[in-house]
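Letters A, B, ... mirror the listed sequences (proteins, then strands); counts begin at 1.
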There are 2 protein chains.
Amino acid sequence: MSATIRDVARKAGVGLGTVSRVLNDSPLVSSATRQRVLNVIAELNYMPSHAARSLSLGKTLTVATIAPFFTRPSVVERLCGIEANLTGSGYHQIFFNVENVERRNECLRDVSRREYADGVLIISLTPHADEIAPILKSHMPVVLIDAEASGLTDVRVDNPYGGYLATQHLIDLGHQNIAYLSDPLQDPLYFDFTSSRDRYQGYCKALNDADIPIRPDNHVWGLHGRYEARCLARNLLSRYDRPTAIFAASDTQAMGVLEAARDLSVRVPDELSVIGFDDIDVAEYLGLTTIRQPLFESGARGVELLLEILGSEESYLPPKHEMLPIELVVRSTTAPCQE
Amino acid sequence: MSATIRDVARKAGVGLGTVSRVLNDSPLVSSATRQRVLNVIAELNYMPSHAARSLSLGKTLTVATIAPFFTRPSVVERLCGIEANLTGSGYHQIFFNVENVERRNECLRDVSRREYADGVLIISLTPHADEIAPILKSHMPVVLIDAEASGLTDVRVDNPYGGYLATQHLIDLGHQNIAYLSDPLQDPLYFDFTSSRDRYQGYCKALNDADIPIRPDNHVWGLHGRYEARCLARNLLSRYDRPTAIFAASDTQAMGVLEAARDLSVRVPDELSVIGFDDIDVAEYLGLTTIRQPLFESGARGVELLLEILGSEESYLPPKHEMLPIELVVRSTTAPCQE
DNA sequence: TGCTAGAATGGAAGCGGTTCCAATGCCATC
DNA sequence: GATGGCATTGGAACCGCTTCCATTCTAGCA
């Protein structure tokens with residue numbers, strides 16, 4: 001059907017190996033021969049077979065991405081960053097969409113299997129110690145995005161600092177009664193997302209630094225999602241001494257808070273300040289004050305780090321840790337405390 | 001490194017071919033032998049090499065998806081439907097993200113190249129006649145999602161009917177001065193998205209049926225996007241005889257309209273009714289009245305149709321055309337006309 | 001009992017690349 | 001003129017699977 005390397009060799013009047021060398025930019029070809037081969041390749045519209053290359057090289061020439069909840073806007077933006085930098089690299093990509101814990105465990109267990117991919121990107125999932133060991137032993141290149149695990153390369157943001165920034169902003173506006181709404185901080189049965197926990201640290205530190213006591217009832221949590229956050233926020237806002245400001249661990253959850261405020265006719269920002277985290281696309285539309293983290297860049301940079309490892313000759317490279325910058329974006333859901 | 005089919009054959013005391021037959025569910029294996037081989041496969045944790053299978057079969061065992069603007073919420077939901085049904089089918093998937101016309105043309109030109117994939121899903125892009133011909137000639141299985149082209153299988157919704165439904169809803173509420181805000185209806189230099197055009201037909205028909213004259217200045221268009229729609233809507237709403245209702249060709253554009261109304265202090269729905277199209281995730285949050293189309297299902301069903309073609313022995317199957325249902329979802333951005 | 005058709009099985013060839021070893025030609029050196 | 005070394009080249013072997021042909025075995029039948 002389609003032209004093979006043998007067709008090219010025959011037509012160019014050279015040997016198989018020579019064509020292969022041209023394809024792989026080997027210096028062991030005279031420039032005259034190289035040019036002749038390149039001409040024939042263009043003429044035949046020849047394109048090497050991915051499968052044959054892969055089989056011969058003993059590599060899959062594929063990068064796998066494991067991510068929870070593909071539909072979440074923040075995940076989508078990270079995936080776009082990945083796509084942008086992987087296209088044209090010669091690697092294929094496969095995606096594993098993790099929607100429940102069984103699948104999470106299955107995916108993280110199989111990471112080190114060479115059958116799937118030559119390298120793996122993991123988004124927002126933190127491998128446990130017993131999952132890290134086989135990965136390290138297998139020498140499978142892995143880059144964590146928005147997660148951290150000892151011995152593995154990662155690219156992420158300073159979540160405690162983000163939590164601090166957000167809370168400090170509210171304190172600066174005169175708020176004292178500040179709630180934090182997040183995913184569960186610890187749940188070994190669940191996905192073990194760590195960002196909520198880290199941001200909580202920053203929240204506590206900011207309150208401490210301002211000598212504001214930490215009220216345990218000002219921290220509420222539930223499954224990630226707008227609807228769940230809405231229910232949680234309703235409870236918060238129905239309280240006698242309801243908070244004057246809510247820091248939501250993600251913009252999605254902040255949207256739930258805004259909904260709850262609307263439900264209960266609590267005016268934002270006059271009666272309630274709301275701040276989110278991520279700065280997803282709709283945040284600007286909603287005028288949501290938030291902490292921006294570079295989502296697209298996290299994916300793009302993750303790919304770069306992975307390709308670096310894949311391209312290296314070394315069988316072991318020391319893990320790298322990259323921190324991307326975050327910043328406070330003030331919009332119209334936060335205002336000075338009115339009390 | 002990892003076990004091969006030869007290891008399995010040796011350990012099970014059978015020939016290469018027998019193991020292969022077991023893997024491929026051939027009936028030409030006695031059940032005793034089959035069981036023995038299956039045991040060894042489990043024991044060795046053997047997994048066939050995708051590349052070797054692919055090379056031997058002369059197929060890529062890969063499905064390609066071509067989609068414009070991965071980040072658009074409606075596209076994301078379709079992609080999720082694709083992912084859901086393709087995972088576990090044994091096919092790998094590769095994505096082509098189309099962000100500009102050059103890339104669109106390049107992708108559609110290369111669809112028929114066997115090097116990439118055994119089958120292709122195309123989202124929201126309409127191949128031109130000169131692009132269809134090579135596809136048909138190559139017998140490359142193609143399924144269009146949210147698009148239509150003669151000779152190709154597709155799964156889509158009845159966009160003229162959707163436009164009719166939306167407009168009729170506004171007319172039922174007593175509106176007469178109804179604007180339509182959309183992508184450009186025809187732009188050979190651009191992507192040639194057809195849904196705006198089709199929905200415009202329904203818009204016109206509904207107005208005609210109600211004996212409401214069609215005012216050309218009530219149709220405005222621009223590039224797809226919230227920001228662009230916001231500018232367009234601002235112009236509309238600044239007019240002396242501004243419309244009392246706006247039908248936006250997508251929820252994203254409807255969001256731009258809502259922003260413009262906010263900018264100009266036009267109250268929704270009291271002074272302005274707004275209806276969108278798609279029912280993307282945030283529509284519910286915004287209380288946006290809209291026409292719901294099954295986005296996830298469109299992707300899922302598209303994959304089913306493609307796998308059907310790929311699994312068939314026939315070299316030619318007559319194209320199928322599937323229409324998914326749409327429905328009006330009334331929320332709080334539309335209300336009876338106040339004039 | 002001998003013969004045959006059909007079921008079950010083994011393994012060579014081939015898919016399209018890469019890699020390595022052998023071969024060739026050419027030049028400088030002694 | 002013989003020798004050695006380097007640059008360049010050709011092609012066999014191999015990657016792990018499928019497929020097809022050849023072979024063996026079994027049961028059914030005359």
*Give a yes/no on whether any side-chain N or O of A:S20 is located under 4.0 angstrom from OP1 or OP2 of C:dT18.*
yes
*Counting any heavy atom closer than 4.0 Å, what does B:L28 reach on the DNA or RNA strands: base, sugar-phosphate only, or nothing?*
base
*So, the side chain of B:N24 versus the backbone of B:S26: is there a donor-acceptor pair under 3.5 Å, distance only?*
no
_Starting the side chain at C-beta, find the nucleotide from D:dT19, D:dT9, D:dG10 nearest to A:V14._
D:dG10
*Can you tell which of B:L121, B:I145, B:V155 makes a side-chain contact (heavy atoms from CB on, under 4.5 Å) with B:V303?*
B:L121
_Closest to the B:N24 side chain, choosing from D:dT18, C:dT18, C:dT9_ = D:dT18
*Can you tell me if A:S112 uses its side chain to pair, donor with acceptor, with the backbone of A:M140 under 3.5 Å?*
no
*Look at the side-chain N and O atoms of A:R53 and state whether any lies under 4.0 Å from the OP1 or OP2 oxygen of C:dT18.*
yes
*Earlier contact from the 5' end, DNA chain D, for A:P27 and A:L16*: A:P27
_Basic-acidic side-chain contact under 4.0 Å: B:R103, B:E106_ = yes
_Given the structure, check if the side chain of B:S56 and the base of C:dG14 hold any donor-acceptor pair shorter than 3.5 Å._
yes
*State whether the side chain of A:S138 and the backbone N or O of A:I135 hold a donor-acceptor pair below 3.5 Å, judged by distance alone.*
yes
_Looking at B:R53, is its backbone amide N or carbonyl O close enough to the side chain of B:S56 to form a donor-acceptor pair, meaning the two atoms are under 3.5 Å apart?_
no
*Check whether any side-chain N or O of A:S30 sits under 4.0 Å from OP1 or OP2 of D:dT8, and answer yes or no.*
no
Under 3.5 Å, which protein N or O atoms sit close to an N or O of nucleotides 20-23 of chain C? Give each pair with its distance.
{"residue": "C:dC20", "atom": "N4", "partner": "A:R21", "partner atom": "NH1", "Å": "3.2"}

*Quick one: is A:T4 getting a side-chain N or O under 4.0 Å of the C:dC15 phosphate, OP1 or OP2?*
no
*Could you check whether B:L55 gets within reach of a base, just the sugar-phosphate, or nothing at all, counting any heavy atom under 4.0 Å?*
base
*Of A:L23 and B:L57, whose nearest nucleotide on DNA chain C comes first from the 5' end?*
B:L57
_No-H, no-angle donor-acceptor pair, A:S49 side chain to C:dG16 base, under 3.5 Å_ = no
*Between atom NZ in A:K59 and atom P in C:dG17, what is the gap in whole Å?*
17 Å
_Looking at D:dT9, I'd like to know if its phosphate oxygens (OP1 or OP2) sit under 4.0 Å from a side-chain N or O belonging to A:T33._
yes
*Side chain of A:Y46: nearest nucleotide among C:dT9, C:dG17, D:dG16?*
C:dG17
*Would you check if the distance from the ring center of B:H50 to the ring center of B:H92 is below 6.0 Å?*
yes
*Send over the distance from B:Q35 CD to C:dA8 C1', rounded to a whole Å.*
17 Å
